[in-house]
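First the structure, in the form of structure tokens, and then the observations on it.
Below, each value reflects all heavy atoms present in this structure, side chains not excepted, and no hydrogens, waters or symmetry copies. Note that the coordinates shown come from a computational prediction; the quantities given were computed from them, not determined experimentally. We're numbering straight along the sequence, starting at 1.
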Amino acid sequence: MIAFVSGPVAALAPDSAVVEVGGIGIAVQCSPNTLSGLRMGQQTKLATSLVVREDSLTLYGFADDDERGTFELLQTASGVGPRLAQAMLATHSPDALRRAIATGDEKTLTAVPGIGKRGAQKLLLELKDRLGEPLGTSTGIGVPVSTGWRDQLHAALIGLGYATREADEAVSAVAPQAEAAEGTPQVGQLLKAALQTLNRAR
């Protein structure tokens, strides 16, 4: 198993990154939250989980070991594959998921694209004794953003190769969504919306 990859970021895409390891480019599937912390040419270290299928080998990357562990535990539930597990972590932090499972919070789970009411109820039953108790006290959804979301989102878009003008326009386009959000805006979710805006404009 490949436990982590470490090296300079050689390429960034909306759903993946390429990390150069010993002269070899390793493609790693990442959530927007993880990608928002990466910059072209800068050193990074990503915890990874290798998913083996008959016709593919896919490496998933995470900001830390907690995300990776949660990703792997989520897949022990029936019907949860790597894509859905990654979508859950793109929407909620590991602690938010642990809290949702521990408290039987269907609403938090149905906020994840691809999970309906019945699926949420099933996950609550199957994962109740697997994810463990929440580690922190934060009640936020997704990875908390402590400082200006505009600067972080702008930097993430520049890191993905967009021009300053395009990044400025995308940040302005998602500003109403960020301001309407309850609590602190989540850069990962805003990055998704910004990329959709940019793709429509091209």
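- Counting heavy atoms from C-beta outward, L124 and L127 have side chains that stay 4.5 Å or more apart.
- Taking all atoms of both residues into account, the shortest heavy-atom contact from A47 to D65 is CB-OD1, 3.5 Å.
- Checked by atom type and distance alone, the side chain of T110 pairs as donor or acceptor with a backbone atom of K107 at under 3.5 Å.
- No side-chain donor-acceptor contact under 3.5 Å links S56 to the backbone of R53.
- Considering only heavy atoms from C-beta on, C30 comes within 4.5 Å of L46 through its side chain.
- Residues I26 and M40 share a hydrophobic cluster, clusters being chains of Ile/Leu/Val/Met/Phe/Trp/Tyr side chains in contact below 4.5 Å.
- Ion pair D66/R98 flagged as a salt bridge, since at least one NZ, NE, NH1 or NH2 atom sits closer than 4.0 Å to an Asp/Glu carboxylate oxygen.
- In this structure, V171 and D168 have side chains that are not in contact, with every pair of non-hydrogen atoms separated by 4.5 Å or more.
- Under a 3.5 Å cut-off, the side chain of E166 and the backbone N or O of A163 do form a donor-acceptor pair.
- Considering only heavy atoms from C-beta on, D15 stays 4.5 Å or farther from Q86 through its side chain.
- With sequence neighbours excluded, the residues forming a side chain to side chain contact (heavy atoms under 4.5 Å, CB included) with E72 are M1, S49, R68, listed by chain and number.
- Note that NE2 of H92 is 5.5 Å distant from OG1 of T108, once rounded to the nearest 0.5 Å.
- S78 and E126 share a donor-acceptor pair across their side chains, judged by distance under 3.5 Å alone.
- Residues V51 and L59 form no side-chain contact, since every pair of their non-hydrogen atoms from C-beta on lies 4.5 Å or further apart.
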Subject >> Trace of the side chain to side chain contact (heavy atoms under 4.5 Å, CB included) decision for T58 with L50 >> reply: CA-CA 6 Å; T58 307; L50 181 63; over 6 Å; no
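- Under the 3.5 Å distance criterion, with hydrogens and angles disregarded, a donor-acceptor pair is assigned to the side chains of Q121 and E106.
- Between L191 and P32 the shortest heavy-atom distance is CD2-O, 3.9 Å.
- Here the closest heavy-atom approach between residue A17 and residue L35 is recorded as CB-CD2, 4.0 Å.
- A donor-acceptor contact shorter than 3.5 Å is absent between the side chain of S93 and the backbone of L89.
- Residues F4 and V9 do not share a hydrophobic cluster, defined by chaining ILVMFWY side chains whose heavy atoms lie under 4.5 Å apart.
- Of all non-hydrogen atoms in V18 and G25, the two that sit nearest each other are CG1-CA, 3.7 Å.
- We find the OG-NZ distance between S36 and K192 to be 12.0 Å, quoted to the nearest 0.5 Å.
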Original post:
Is there a side chain to side chain contact (heavy atoms under 4.5 Å, CB included) between R130 and T76 once you walk through the steps?
Top reply: CA-CA 9 Å; R130 299 183 193 176; T76 63; 2.9 Å; yes
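- In terms of heavy atoms, P94 sits closest to T70 at CB-OG1, 3.4 Å.
- Inter-residue side-chain proximity for I101 and L109 is flagged as met; some heavy-atom pair is nearer than 4.5 Å.
- Between the NZ atom of K128 and the OG1 atom of T103 there is a distance of 8.5 Å, given to the nearest 0.5 Å.
- Residues V28 and T48 approach most closely at CG1-CG2, 4.3 Å, considering heavy atoms.
- Judged by distance alone, with hydrogens and angles left aside, the side-chain atoms of Q42 form no donor-acceptor pair with the main-chain N or O of L38 at under 3.5 Å.
- For the pair E67/Y60, no side-chain contact is recorded, criterion being any heavy-atom separation below 4.5 Å from C-beta on.
- Using modelled atom types, no side-chain atom of S16 and backbone atom of A13 make a donor-acceptor pair closer than 3.5 Å.
- Within the structure, the salt bridge (charged side-chain N to carboxylate O under 4.0 Å, His left out) test picks out no pair touching residues 19-41 (sequence neighbours left out).
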